[in-house]
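A short worksheet on the structure shown next.
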There are 2 protein chains.
Amino acid sequence: MDENVTKISQHLLKLKALSDETRLDIISLLANGPLCACDILESFKITQPTLSYHMKMLTGSNLVDSVRKGKWMHYSLNQAEFSGLIDYLGRIPKPENRPVVRSSCCGGMDSCDSQAEQVEKP
Amino acid sequence: MDENVTKISQHLLKLKALSDETRLDIISLLANGPLCACDILESFKITQPTLSYHMKMLTGSNLVDSVRKGKWMHYSLNQAEFSGLIDYLGRIPKPENRPVVRSSCCGGMDSCDSQAEQVEKP
DNA sequence: ACGTTATATCGATTTTTTTCAATATGTTGA
DNA sequence: TCAACATATTGAAAAAAATCGATATAACGT
């Protein structure tokens with residue numbers, strides 16, 4: 001029931017993760033296969049701590065998985081989570097959601113075209 | 001060619017637009033059909049200028065269309081643009097993109113498992 | 001023209017995000 | 001154990017985003 005609420009925040013986390021240009025580029029990089037942080041770092045003009053921060057955002061949203069391989073940290077796109085986000089977005093445009101209340105400003109939705117009479121709101 | 005660059009920013013704009021909780025909720029509202037600003041406003045605990053700001057973000061990203069109907073501003077989800085974003089995201093996980101350079105930190109990708117010898121980077 | 005209503009813009013403030021230098025942690029090979 | 005390397009964390013500063021009150025603009029009815 002309020003699992004939905006939690007889900008929304010999970011999706012929001014992912015959307016936030018994708019809303020930064022550097023991170024979106026990192027995601028595109030990882031789409032080609034796993035990479036270690038040192039490789040990713042070379043593709044950008046940012047410092048190592050900044051990359052580490054971005055990777056934390058990405059792993060924190062579960063869009064990216066990480067495993068240690070010796071000295072190196074290997075990052076990979078979590079396809080399932082990524083697909084999950086896409087599925088969520090894909091379900092939005094359909095009218096099965098009705099997540100919040102709806103009121104009407106002027107009787108009906110399209111009745112505003114010919115707003116001969118206006119409904120006063122108390 | 002660099003149309004791709006522009007496209008990326010368009011997608012990034014949309015992702016930024018969706019990365020705010022209020023705006024994501026507005027999108028869900030609009031998924032049920034067009035609404036005027038006054039109606040949307042009632043669903044949130046924000047002021048009218050703030051809503052106007054958010055709607056500007058949403059229309060600026062083209063995820064939402066707006067038309068004046070008399071005194072009212074009617075907002076509606078731009079399904080085509082929304083789908084465009086979803087399509088873009090859906091294409092990311094496949095290896096047809098290779099958007100940026102790739103280097104290798106230790107020979108191959110999986111060779112790091114048994115990193116008997118390490119390749120020094122000059 | 002005027003008053004009312006709906007929305008937009010402006011200016012300032014608060015909040016959040018991004019960034020980096022310094023430093024810490026963890027791993028490996030000698 | 002220790003030096004070297006890869007990555008993480010911390011603390012502070014800069015940049016960007018969100019918010020609001022005041023005010024402007026636009027449309028309508030009278």
Side-chain angles (χ1 to χ4, degrees), chain A residues 9 12-13 15-26 34-42 44-61 64-75 103-106 111-122, chain B residues 9 12-13 15-26 34-42 44-61 64-75 103-106 111-122:
Chain A
S9 348
L12 192 61
L13 251 186
L15 288 169
K16 280 181 186 292
L18 292 176
S19 70
D20 177 89
E21 182 167 17
T22 300
R23 289 196 294 263
L24 190 56
D25 288 344
I26 292 173
L35 287 174
C36 60
C38 57
D39 274 353
I40 301 174
L41 186 57
E42 291 185 349
F44 301 94
K45 48 179 187 345
I46 58 179
T47 63
Q48 180 269 321
T50 297
L51 176 63
S52 193
Y53 162 77
H54 283 309
M55 297 319 292
K56 194 174 186 177
M57 296 290 116
L58 289 171
T59 54
S61 74
V64 167
D65 292 326
S66 62
V67 289
R68 271 213 101 93
K69 302 246 180 127
K71 279 192 290 193
W72 294 282
M73 208 66 184
H74 275 213
Y75 294 101
S103 66
S104 58
C105 75
C106 40
S111 63
C112 286
D113 291 323
S114 55
Q115 73 284 67
E117 44 258 322
Q118 166 191 165
V119 177
E120 287 294 327
K121 275 181 273 191
Chain B
S9 348
L12 192 60
L13 251 187
L15 288 169
K16 280 182 187 292
L18 293 176
S19 71
D20 177 90
E21 183 167 18
T22 299
R23 290 196 294 262
L24 191 56
D25 288 344
I26 292 174
L35 288 173
C36 61
C38 56
D39 275 353
I40 301 174
L41 185 57
E42 292 185 349
F44 300 94
K45 47 178 188 343
I46 58 177
T47 64
Q48 180 269 321
T50 299
L51 176 63
S52 193
Y53 163 76
H54 284 308
M55 298 317 295
K56 193 173 187 178
M57 295 291 115
L58 288 171
T59 54
S61 73
V64 168
D65 292 328
S66 63
V67 290
R68 272 211 101 93
K69 300 249 180 125
K71 278 192 290 194
W72 293 283
M73 208 64 186
H74 276 213
Y75 295 101
S103 66
S104 59
C105 74
C106 42
S111 64
C112 287
D113 292 321
S114 55
Q115 72 285 67
E117 46 259 323
Q118 166 190 165
V119 178
E120 288 293 328
K121 274 182 271 194

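Per chain, numbering begins at 1; letters A, B, ... match sequence-line order. In what follows, every heavy atom counts, from backbone to side chain, and hydrogens, waters and symmetry copies are set aside. Computed from a prediction, not measured in an experiment: that's the story for all the values here.
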_Residues that A:Ile46 engages under side chain to side chain contact (heavy atoms under 4.5 Å, CB included), provided they are two or more places apart_ = A:Thr22, A:Leu41, A:Phe44, A:Thr50, A:Leu51, A:His54
*Is it true that a side-chain atom of A:Ser52 and a backbone atom of A:Pro49 form a donor plus acceptor pair closer than 3.5 Å?*
no
_Under the rule for side chain to side chain contact (heavy atoms under 4.5 Å, CB included), what residues qualify as partners of A:Tyr75, not counting sequence neighbours?_
A:Leu30, A:Ala37, A:Ile40, A:Met55, A:Thr59, A:Val64, A:Ser66, A:Met73
*Taking only residues two or more places apart in sequence, or in another chain, which ones meet A:Asp65 in a side-chain hydrogen bond (donor to acceptor under 3.5 Å, both in side chains)?*
A:Asn78
Listing time: all N or O pairs from protein to nucleotides 17-23 of chain D that are below 3.5 Å?
unit_1, atom_1, unit_2, atom_2, d
D:dA18, OP1, B:Asp20, OD1, 3.4
D:dA18, OP1, B:Arg23, NH2, 2.9
D:dA18, OP2, B:Arg23, NH1, 3.2
D:dA18, OP2, B:Tyr53, OH, 2.6
D:dT19, OP2, B:His54, NE2, 2.4
D:dC20, OP2, B:Thr47, N, 3.1
D:dC20, OP2, B:Thr47, OG1, 3.0
D:dC20, OP2, B:Thr50, OG1, 2.7

*Tell me which nucleotide among D:dC28, C:dT28, D:dT7 gets nearest to the side chain of A:Lys71.*
C:dT28
*From the options D:dA8, D:dA6, C:dT7, select the nucleotide whose nearest atom is closest to the side chain of A:Trp72.*
D:dA6
_A:Asp20 side, atom CG; A:Leu58 side, atom CG - distance, nearest 0.5 Å_ = 8.5 Å
_Terminal helix-axis angle for the helix from C:dA1-D:dT30 to C:dA30-D:dT1, with five pairs defining each axis and rounding to 10 degrees_ = 30°
*Toward the 5' end of DNA chain C, which comes first, B:Ser52 or A:Leu51, by nearest nucleotide?*
B:Ser52
*Within less than 4.0 Å of OP1 or OP2 of C:dA6, is there a side-chain N or O belonging to B:Lys69?*
no
Enumerate the protein-to-nucleotides 13-15 of chain D contacts in which both atoms are nitrogen or oxygen and the separation is below 3.5 Å.
none

